[in-house]
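Written out below as structure tokens is the structure these notes cover.
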Amino acid sequence: MRLIAIEEHILPVDVRDAWADAPPPHDPVSAIADMGETGERLADLGEGRLALMDEQGVDVQVLSLTTPGLHNLEPGPAVELAWRTNDLIADACARRPDRFQGLAALPTSDPDAAPRELERAVRELGLKGALLCGRTRGRHLDHAALRPMLAKAAALGVPLFIHPQTPAPAVREASYSGIGERADLALSAFGLGWHYEAGLEWVRLVAAGVFDELPNLQIILGHWGEVALFYIERTGAVLDRALDLDRSLAECARRNLYVTGSGMWSEGYLRRCLEIVGPERLLFSTDFPYQYRPGGEPRRFIESIDLDGATRNGLAHGNWERLSGDAGSRSDCAPQQA
């Protein structure tokens with residue numbers, strides 16, 4: 001059974017350096033993202049990564065820039081690094097098209113450049129969509145300035161993956177501070193705050209009427225729906241009463257949303273998402289390298305969970321192949337020079 005993992009991260013050195021040089025506020029997680037063995041694995045696009053894929057039983061990784069992406073950079077550096085990062089991903093795909101695919105990084109701080117880079121990445125480089133990290137400083141994904149980027153994704157027929165990033169400083173101070181330095185960071189980031197942030201971005205897209213405007217736009221959420229799906233009945237009922245939308249939250253979940261587990265091997269979470277979005281909208285991912293553990297757990301999970309054959313194959317590879325199959329005008333990945 002072919003296993004395609006769609007949330008598998010990289011971090012080029014020039015992006016890491018740009019994070020350090022960017023004006024504040026800085027994302028506190030970016031300061032530790034490249035530490036030790038995890039940093040080495042983020043930078044490796046060669047034999048070391050392939051060996052760990054083999055150990056996990058993963059046939060294909062869909063590569064993407066790790067959080068916070070380029071969202072906190074000024075427009076000039078963001079545009080340049082988007083070009084270079086997407087060329088780097090495309091080069092890895094070209095060298096091993098049997099093992100790698102890619103999602104583009106976009107310069108969301110330059111709303112005019114972001115849709116142009118998405119089109120270049122898809123049509124010229126063969127990437128399969130883009131990974132976004134929610135807010136661009138104070139600007140949410142539903143902001144009017146970013147609608148052309150969303151419209152471009154819909155027109156190209158490619159998905160946008162909303163990945164978590166750490167909440168804004170004011171939110172961290174108000175909601176996640178005062179326990180202790182380590183606990184504050186853990187709660188505001190990978191423990192809870194990350195997931196509220198990403199789930200909220202999707203709910204905001206629904207509430208802002210984005211899917212009424214762009215009914216074919218497809219969004220991916222990781223971590224089994226970033227908390228938001230598990231409260232969908234309550235949130236959806238409130239939105240239905242408060243807003244005049246063509247599509248309810250539940251309808252958008254079944255027509256405009258794909259969900260992946262991000263290395264969280266939970267049958268309970270999977271079944272809840274299966275009820276909400278349906279079997280054709282589940283995707284597989286390991287959240288490499290952050291959730292990597294030796295022992296072949298990814299393939300063991302997909303092979304041992306109690307699913308019918310069609311649902312299992314859809315989760316393992318078929319749903320992603322259908323979602324990404326018409327992306328762009330080329331089947332291969334080929335870098336261009338800036």
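Because the structure is predicted, anything quoted here is derived from the model rather than measured.
Between Leu65 and Pro12 there is a side-chain heavy-atom pair separated by less than 4.5 Å. At a threshold of 4.5 Å between non-hydrogen side-chain atoms, the residues His163 and Ile220 do not count as touching. For the pair Trp202 and Leu257, the minimum side-chain heavy-atom distance is below 4.5 Å. Proximity of Cys273 to Leu229: side-chain heavy atoms (C-beta onward) are separated by under 4.5 Å at one or more points. Trp194 has its side chain out of reach of Ser188: every pair of non-hydrogen atoms, C-beta onward, lies at least 4.5 Å apart.
Of the N and O atoms on the side chains of Gln61 and Arg49, at least one donor lies less than 3.5 Å from an acceptor on the other residue. Side chains of His71 and Gln165: no donor on one and acceptor on the other come within 3.5 Å. No side-chain donor-acceptor contact under 3.5 Å links His26 and Asn72. Side-chain contact of Glu8 with Thr286: a donor-acceptor pair under 3.5 Å is present, judged by distance alone. There is no side-chain donor-acceptor pair under 3.5 Å between Asp184 and Ser177. Counting only N and O atoms by type, the side chains of Ser262 and Tyr290 include no donor and acceptor under 3.5 Å apart. Side chains of Gln101 and Trp320: a donor on one and an acceptor on the other come within 3.5 Å. Arg281 and Gln218 form a side-chain donor-acceptor contact under 3.5 Å, judged by distance and modelled atom types alone.
With salt bridges taken as basic N to acidic carboxylate O contacts below 4.0 Å, one links Arg272 and Glu233. Salt bridge annotation for Glu201-Arg204: absent, with no cationic side-chain nitrogen under 4.0 angstrom from a carboxylate oxygen. With respect to Arg271 and Glu275, no salt bridge is recorded, no charged nitrogen being found less than 4.0 Å from a carboxylate O. The pair Asp112-Arg116 does not count as a salt bridge, with every side-chain nitrogen at least 4.0 angstrom from each carboxylate oxygen. Comment: Asp14 engages Arg84 in a salt bridge, judged by a side-chain N to carboxylate O separation of less than 4.0 angstrom. Note on Lys152 versus Glu119: salt bridge recorded, some NZ/NE/NH1/NH2 to OD/OE distance being below 4.0 Å.
Aromatic ring orientation, Trp265 versus Phe301: tilted (interplanar angle from 30° to 60°).
Listed for the Arg172 side chain is no donor-acceptor partner under 3.5 Å among the backbone atoms of Ala189. Between the side chain of Thr67 and the backbone N or O of Pro164 there is at least one donor-acceptor pair closer than 3.5 Å. Within the 3.5 Å criterion, the main-chain N or O of Leu42 finds no donor-acceptor partner in the side chain of His9. For Arg120 (side chain) and Leu125 (main-chain N/O), no donor-acceptor pair under 3.5 Å exists by modelled atom type. Under a 3.5 Å cut-off, the side chain of Thr235 and the backbone N or O of Ile232 do not form any donor-acceptor pair. At distances below 3.5 Å, not a single donor-acceptor pair connects side-chain atoms of Glu173 with backbone N or O atoms of Ala170. Between the Asp287 side chain and the Gly263 main chain, no donor and acceptor come within less than 3.5 Å of each other. Using a distance-only test at 3.5 Å, with no hydrogens or angles considered, no donor-acceptor pair links the side chain of Thr311 to the main chain of Leu307. Here the side chain of Asn86 pairs a donor or acceptor atom with the backbone of Ala105 at under 3.5 angstrom. Using modelled atom types, no side-chain atom of Ser285 and backbone atom of Glu7 make a donor-acceptor pair closer than 3.5 Å.
Summarising the local packing, CD of Glu297 is surrounded by more than 12 heavy atoms from other residues, nucleotides or ligands at distances under 6.0 Å. Counting non-hydrogen atoms of neighbouring residues, nucleotides and ligands closer than 6.0 angstrom, the CZ atom of Phe230 exceeds 12 such neighbours. Within a 6.0 Å sphere centred on CD of Glu303, heavy atoms belonging to other residues, nucleotides or ligands number more than 12. Heavy atoms from other residues, nucleotides or ligands lying under 6.0 Å from CZ of Phe190 number more than 12. Dense packing is recorded around CG of Asp98, with more than 12 heavy atoms of other residues, nucleotides or ligands lying under 6.0 Å away.
When the side chains of ILVMFWY residues are joined at heavy-atom separations under 4.5 Å, either directly or via intervening members, Leu243 and Leu249 end up in a single hydrophobic cluster.
Each of Leu52, Ile10, Val58 was evaluated against Phe288; a single residue qualifies, Leu52, per the side chain to side chain contact (heavy atoms under 4.5 Å, CB included) test. A salt bridge (charged side-chain N to carboxylate O under 4.0 Å, His left out) with Asp59 is found for one member of Arg2, Arg99, Arg299 and no other, namely Arg299.
Aromatic rings of Phe284 and Trp224 (six-membered ring for Trp) have centroids beyond the 6.0 Å cut-off, not under it. Annotation: Tyr258 is not in aromatic contact with Phe161 [ring centroid separation under 6.0 Å not met].
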* Go through the steps for Tyr292 and Glu55 under the test side chain to side chain donor-acceptor pair (under 3.5 Å), then give the verdict. => CA-CA 10 Å; Tyr292 171 76; Glu55 193 276 332; 3.1 Å; yes
* Asp87 vs Ile89, side-chain contact (heavy atoms from CB on, under 4.5 Å): CA-CA, chis, key distance, verdict -> CA-CA 5 Å; Asp87 279 0; Ile89 293 173; over 6 Å; no
* Val259 and Leu283: side-chain contact (heavy atoms from CB on, under 4.5 Å), yes or no, with the steps? -> CA-CA 6 Å; Val259 179; Leu283 303 171; over 6 Å; no
* To do: Applying side-chain contact (heavy atoms from CB on, under 4.5 Å), run through Leu150 and Leu205 and close with a yes or a no.
  => CA-CA 10 Å; Leu150 304 180; Leu205 291 176; 4.0 Å; yes
* Given the rule in the side-chain contact (heavy atoms from CB on, under 4.5 Å) test, do Asp110 and Glu117 qualify, once you have shown the distances and angles that lead to the verdict? -> CA-CA 10 Å; Asp110 187 333; Glu117 179 58 19; over 6 Å; no
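Under a cutoff of 6.0 Å and an axis angle of 45°, Arg247 and Phe211 do not form a cation-pi pair.
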